[in-house]
Number of protein chains: 2
Amino acid sequence: MKFALRLGIKYKEFLIYGMSMALVLLLLKVMEANFIVFNYRLDFFIGAIAIVFTVLGVWLALKLVKPKVVTQVIEKEVYIENQDKIEIDQKEIAELGISKRELDVLNLMAKGLSNEEIAGKLFISLNTVKTHSSNIFVKLDVKRRTQAVEKAKRLKIIN
Amino acid sequence: MKFALRLGIKYKEFLIYGMSMALVLLLLKVMEANFIVFNYRLDFFIGAIAIVFTVLGVWLALKLVKPKVVTQVIEKEVYIENQDKIEIDQKEIAELGISKRELDVLNLMAKGLSNEEIAGKLFISLNTVKTHSSNIFVKLDVKRRTQAVEKAKRLKIIN
DNA sequence: GCCAAAATCATCCTAAAGTATGAATAAGAT
DNA sequence: ATCTTATTCATACTTTAGGATGATTTTGGC
């Protein structure tokens, strides 16, 4: 487990530290001037100084230490429900040499329309639809309309 | 942004701190005994003590304080394209009254198999497949296998 | 304007799909 | 044990799909 522990430059904290130190030293001067210091053992005075500055040091350290940043990447699974919006593979269409009209027929085929219904929708004869569908089967290398639809969806030619 | 800032109990660090403090006070005693201290200004001595214990305090704090942990949660959206794994709507199947065998036929139908091929795969006769498919069409309220496949996929009966 | 590809349509034929009906058997539930 | 439902199969028939072939008409690019 790695963690970065760097000292940041925080002027405010240093300022407070400096002022505290000055205050303590000033206090010392006042005590010295009034001969208060030597009413007690020097040991205790030194000890007090040590404790105060230890506390100050601890405080300073806590203020200055930058927090360890743990980046936790949570993978949120988002299922795509829009099957309608699958992008159509134009390259594949071009490679297979499927024409616009054939694509029209293929799309209506995928919706479950009969050749006669397709003919009605596209204003062409049943024979023409048969010709188109036959060509589609050859180009898709399938034998039936159901296979054609299945393969076309798999190849993202239709949606 | 929450972060935990707790003091851990680390005896080794406290021991080192205590020993350092004892050493400094011992040094002080020795200097005091030899009248070294007062050869210099008390100010400088006190300043030195302050600096030493500040450093000790900082060191102690860094050792004792568990690093502030900032947990940064980044949600990464992972898109899943698995159309195969669309859950099948068992309720719909039950509501439509589609039997297991009919579902078998429907699934193979969706793969583009002919009735004869389905019969071969399921080890039943062509006539049986026709009976099943006819029943499927009635239950799905469609007229052709292509429509059946289209509607079945839409209703998530098959995938 | 010409040419190739795309789109259109027709005819004939076969294969597959779908309908209707009846019936036997297996499996599960009450 | 009985009754219903699912599964199986058959036969006869109709409709639709698909294959093969040929031909005409648009249409877009050079």
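The sequence lines fix the lettering, A, B, ..., with proteins before strands; numbering per chain opens at 1.
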- prompt: Strictly by modelled atom types, are A:Thr128 and A:Ser125 linked by a side-chain donor-acceptor pair under 3.5 Å?
  reply: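 The answer is yes; a qualifying pair exists.
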
Once you round it to whole Å, what is the distance between [atom2] of [N] and [atom1] of [X]?
{"X": "A:Glu102", "N": "C:dA6", "atom1": "CD", "atom2": "P", "answer": "8 Å"}
{"X": "A:Leu122", "N": "C:dA6", "atom1": "CG", "atom2": "C1'", "answer": "15 Å"}
{"X": "B:Leu103", "N": "D:dT7", "atom1": "CG", "atom2": "C1'", "answer": "14 Å"}
{"X": "B:Asn135", "N": "D:dT5", "atom1": "CG", "atom2": "C1'", "answer": "12 Å"}
{"X": "B:His132", "N": "D:dC9", "atom1": "NE2", "atom2": "P", "answer": "8 Å"}
{"X": "A:Arg101", "N": "D:dG28", "atom1": "CZ", "atom2": "P", "answer": "13 Å"}
{"X": "A:Ile98", "N": "C:dA6", "atom1": "CD1", "atom2": "C1'", "answer": "14 Å"}
{"X": "A:Ile124", "N": "C:dA6", "atom1": "CD1", "atom2": "P", "answer": "16 Å"}

statement: Heavy-atom nearest pair, A:Thr146 first then B:Met109, reads CB-O, 4.2 Å

message: For B:Leu122, give me all partners under side chain to side chain contact (heavy atoms under 4.5 Å, CB included), at least two apart in sequence or on another chain.
response: B:Arg101, B:Asp104, B:Val105, B:Leu108, B:Ile118, B:Ile124

query: Closest to the B:Thr128 side chain: D:dT8, C:dC9, C:dA7?
result: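 Comparing D:dT8, C:dC9, C:dA7 against the side chain of B:Thr128, the answer is D:dT8.
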
field: Nearest-nucleotide pick for A:Lys100, side chain only, options being D:dT8, C:dA7, C:dC9
entry: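 Of the options given, the side chain of A:Lys100 lies nearest C:dA7.
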
field: Option passing side chain to side chain contact (heavy atoms under 4.5 Å, CB included) with B:Ile157 (candidates B:Ile136, B:Leu96, B:Val149, B:Asp89)
entry: B:Leu96

field: Side-chain donor or acceptor of B:Gln147 paired with backbone N/O of B:Lys143 under 3.5 Å
entry: yes

B:Lys139 vs B:Glu102 side-chain heavy atoms within contact, under 4.5 Å: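 With C-beta onward as the side chain, the pair touches.
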
query: Tell me, for nucleotides 12-20 of chain C in 5' to 3' order, what letter each nucleotide earns: B for a base near a protein heavy atom under 4.0 Å, S for only sugar-phosphate near one, - for neither?
result: -----BBB-

